[in-house]
Amino acid sequence: MLRQQDVGHRIVVRRIVGIREGRPLFSDALGELVELSETHLTLATAQGRIEVPVAEVHRAKRVPPARRPTAAAVAALEIAADEAWPAPTRARLGDWLLRSADGWTGRANSALPVGDPDRPLPAALDAVERWYADLGQPARVNTPLPLAAPVGAELDARGWTSSPAVLVQTVPLSTLTAAAPASRADRPALDVGLATAPSADWLAIAAGRKGGLPDAARHVLTAVAQVRFAEVYAGDTLVAVGRGTVTAGGRWLGLSLIEVLPQARRQGLARRVIHALAGWGAAAGATDAFLQVEQRNTAAVALYRALGFTTHHTYLTRVAPR
């Protein structure tokens, strides 16, 4: 039987999917265990997210990882991502990071449990809860898996909930810059502009996507030494945006807020935005690119897969019970 310690690890599940001539029919699923409850287990597979009722599980076990990155590589990428999305209010708990941005986005308002918190795990999580309570915010912890699986098990015991699984995906930057995106013959190609600061139109789209734009959000978006804001206009209307950062000593191009307005979709604009930011990142000396995307956002995941992105690791944002 699986246990909470198996969350974040690769498993294989044999489930009963029917009965034929009095004998059970089985189907196997292989993937990362992202949730385990009394009633069901949830797998992140190459085909997407699968929920399996516990009553249908015939057999389940942990299997060796498939070319997983090292713990050091996961930690380094998480730190690079933190540099690319910097919360204005920050503190340290040993090596752990505590972050707040007036509630704007989960990433900027969560603890990052990477490294040694300099105290036993239960005491560390008590300190996290107190820090966010002092700010009047719900306590959140981002748990990169399987690196932070022990943290996740302790949070399960405390009754913390989980937001949808997020894929941290990477690609060599040369892959993104190798081929220019194609333009449709029946539509003129729209230029991608790159600016060092976001325009009012750009911020309006970001506010619509993220539910407002407090002062802390502007810090998150702009307080990076190397940052560019991509814009695509159709006439006087801004129809596509994106954001790129270069962090981790210049290695990583971070892509975020890639957004195309509904009326301009299916024209390849997201690809054009990514290609423009990739070109800027390469010129700045970056060698690799990363992004973070919810696993349930199947359209975006498919786009990024077509561009060569693969999943480096996953994380869950855990939220304390109210």
**Item:** Test item: Y132 side-chain N/O and R99 main-chain N/O as donor-acceptor pair under 3.5 Å
**Value:** yes
Which pairs of donor and acceptor atoms, one on a side chain in residues 55-62, lie under 3.5 Å apart (sequence neighbours left out)?
from, atom 1, to, atom 2, distance (Å)
E56, OE1, R15, NE, 3.2
E56, OE1, R15, NH2, 2.5
R62, NE, D6, OD1, 3.1
R62, NH2, Q5, O, 3.2
R62, NH2, D6, OD1, 2.7

**Asked** If you measure only the distance, is there a donor-acceptor pair under 3.5 Å linking the side chains of Q137 and S100?
**Response** yes
**Asked** Can you pull the salt bridge (charged side-chain N to carboxylate O under 4.0 Å, His left out) pairs that have at least one residue in residues 104-115, sequence neighbours excluded?
**Response** none
**Prompt:** In Å and rounded to the nearest 0.5 Å, what is the CG to OG1 distance from L167 to T314?
**Reply:** 7.0 Å
Pairs of donor and acceptor atoms involving the side chains of residues 144-152, under 3.5 Å and at least two apart or interchain, shall be tabulated with distances.
none

**Asked** Who pairs with V168 by side chain to side chain contact (heavy atoms under 4.5 Å, CB included), at least two apart in sequence or on another chain?
**Response** L77, E78, Q292, H313, Y315
**Request:** Determine whether N142 and T317 make a side-chain contact, defined as any pair of heavy atoms from C-beta on separated by less than 4.5 Å.
**Result:** yes
**Asked** For G242 and V273, which heavy atoms make the closest approach, and how far apart are they?
**Response** CA-CG1, 3.8 Å
**Item:** Close side-chain approach of V54 to E38, heavy-atom, < 4.5 Å
**Value:** no
**Prompt:** Do F26 and V12 share a hydrophobic cluster, counting only Ile, Leu, Val, Met, Phe, Trp and Tyr and linking them when any side-chain heavy atoms are less than 4.5 Å apart?
**Reply:** no
**Asked** Which residue, V232, V260, V192, forms the side chain to side chain contact (heavy atoms under 4.5 Å, CB included) with R272?
**Response** V192
**Non-neighbouring partners of A157 that pass side chain to side chain contact (heavy atoms under 4.5 Å, CB included), sequence neighbours left out** = none
**Prompt:** To the nearest 0.5 Å, how far apart are CG in L2 and CD1 in I11?
**Reply:** 4.5 Å
**Residue pairs passing the side-chain hydrogen bond (donor to acceptor under 3.5 Å, both in side chains) test where at least one lies in residues 255-264, sequence neighbours excluded** = R209-E259, R243-S256
**Complete:** Between V128 and V141 the two heavy atoms that sit nearest each other are CG1-CG2, 4.1 Å
**Item:** Presence of salt bridge, D82 and R90, under 4.0 angstrom
**Value:** yes
**Asked** What are the two closest heavy atoms between L316 and A165, and how far apart are they?
**Response** CD2-CA, 3.6 Å
**Message:** Within this structure, what is the CD1-NE2 distance for the pair I50 and H40, rounded to the nearest 0.5 Å?
**Reply:** 13.0 Å
**side chain to side chain contact (heavy atoms under 4.5 Å, CB included) between V246 and W252, worked out** = CA-CA 5 Å; V246 173; W252 287 104; over 6 Å; no
**Complete:** Checking V293, L307, T310 against Q169 for side chain to side chain contact (heavy atoms under 4.5 Å, CB included), the one that qualifies is V293
**Minimum heavy-atom distance between T177 and G279, given as atom pair plus value** = CG2-N, 4.0 Å
**Item:** Inter-residue atom distance R14.CZ - D28.CG, 0.5 Å rounding
**Value:** 4.0 Å
**Message:** With salt bridge (charged side-chain N to carboxylate O under 4.0 Å, His left out) as the rule and sequence neighbours excluded, what pairs involving residues 312-322 come up?
**Reply:** D156-R318
**Message:** Show me the pairs that pass salt bridge (charged side-chain N to carboxylate O under 4.0 Å, His left out) and involve residues 139-154, at least two apart or across chains.
**Reply:** E154-R158
**Derivation and outcome, side chain to side chain contact (heavy atoms under 4.5 Å, CB included), residues D126 and R130** = CA-CA 6 Å; D126 289 342; R130 287 194 299 269; 3.7 Å; yes
**Asked** Are I274 and L194 linked, directly or through other ILVMFWY residues, by side chains that come within less than 4.5 angstrom of each other?
**Response** yes
**Prompt:** Checking N109 side chain against A101 main chain: does a donor-acceptor pair fall under 3.5 Å?
**Reply:** yes
**Request:** Give every residue pair that meets the ring pair (Phe, Tyr, Trp, His ring centres under 6.0 Å) criterion with at least one member in residues 83-126, sequence neighbours excluded.
**Result:** W85-W104
**Prompt:** Taking side chain as C-beta onward, heavy atoms only, is R92 less than 4.5 Å from L98?
**Reply:** no
**Prompt:** If we only count heavy atoms from C-beta on, is the F309 to L176 side-chain gap below 4.5 Å?
**Reply:** yes
**Prompt:** Do L43 and L36 belong to the same hydrophobic cluster, where Ile, Leu, Val, Met, Phe, Trp and Tyr are linked whenever their side-chain heavy atoms lie under 4.5 Å apart, directly or via other members?
**Reply:** yes
**Message:** When you measure from the side chain of T237 to the backbone of V239, do you find a donor-acceptor pair of N or O atoms at a distance under 3.5 Å?
**Reply:** no
**Complete:** d(L155 CG, L125 CG) to nearest 0.5 Å is 5.0 Å
Counting only pairs under 3.5 Å, give me each side-chain donor-acceptor contact of residues 213-230, with atom names and distances, residues two or more places apart or in other chains.
from, atom 1, to, atom 2, distance (Å)
H219, ND1, P86, O, 3.2
T222, OG1, R218, O, 2.6

**Item:** Minimum side-chain heavy-atom gap I258-L277 below 4.5 Å
**Value:** yes
**Item:** Test side chain to side chain contact (heavy atoms under 4.5 Å, CB included) applied to T89 and D102, step by step
**Value:** CA-CA 9 Å; T89 302; D102 294 342; 5.8 Å; no
**Request:** Return the minimal non-hydrogen interatomic distance between S163 and V319, and the atom names on each side.
**Result:** OG-CG2, 4.3 Å
**Asked** Between I79 and L112, is any pair of side-chain heavy atoms under 4.5 Å apart?
**Response** yes
**Message:** Quick one: does any side-chain atom of T247 pair with a main-chain N or O of A80 as donor and acceptor, under 3.5 Å?
**Reply:** yes
**All pairs passing salt bridge (charged side-chain N to carboxylate O under 4.0 Å, His left out) where residues 308-317 contributes a residue, at least two apart** = none
Side-chain donor-acceptor contacts of residues 17-24 below 3.5 Å, not counting sequence neighbours, with atom names and distances?
none

**Prompt:** Distance-only, no hydrogens or angles: does the Q295 side chain make a donor-acceptor pair with backbone N or O of P164 under 3.5 Å?
**Reply:** no
**Straight-line distance of R271 CZ to L303 CG, nearest 0.5 Å** = 5.5 Å
**Prompt:** If you group Ile, Leu, Val, Met, Phe, Trp and Tyr by side-chain heavy-atom gaps below 4.5 Å, do I205 and L291 land in one group?
**Reply:** no
**Asked** Can you name the closest pair of heavy atoms from A206 and L257 and give their distance?
**Response** CB-CD1, 4.5 Å
**Prompt:** Should L253 and V171 be regarded as members of a common hydrophobic cluster, given that ILVMFWY residues are connected when their side-chain heavy atoms come within less than 4.5 Å of each other, either directly or indirectly?
**Reply:** yes
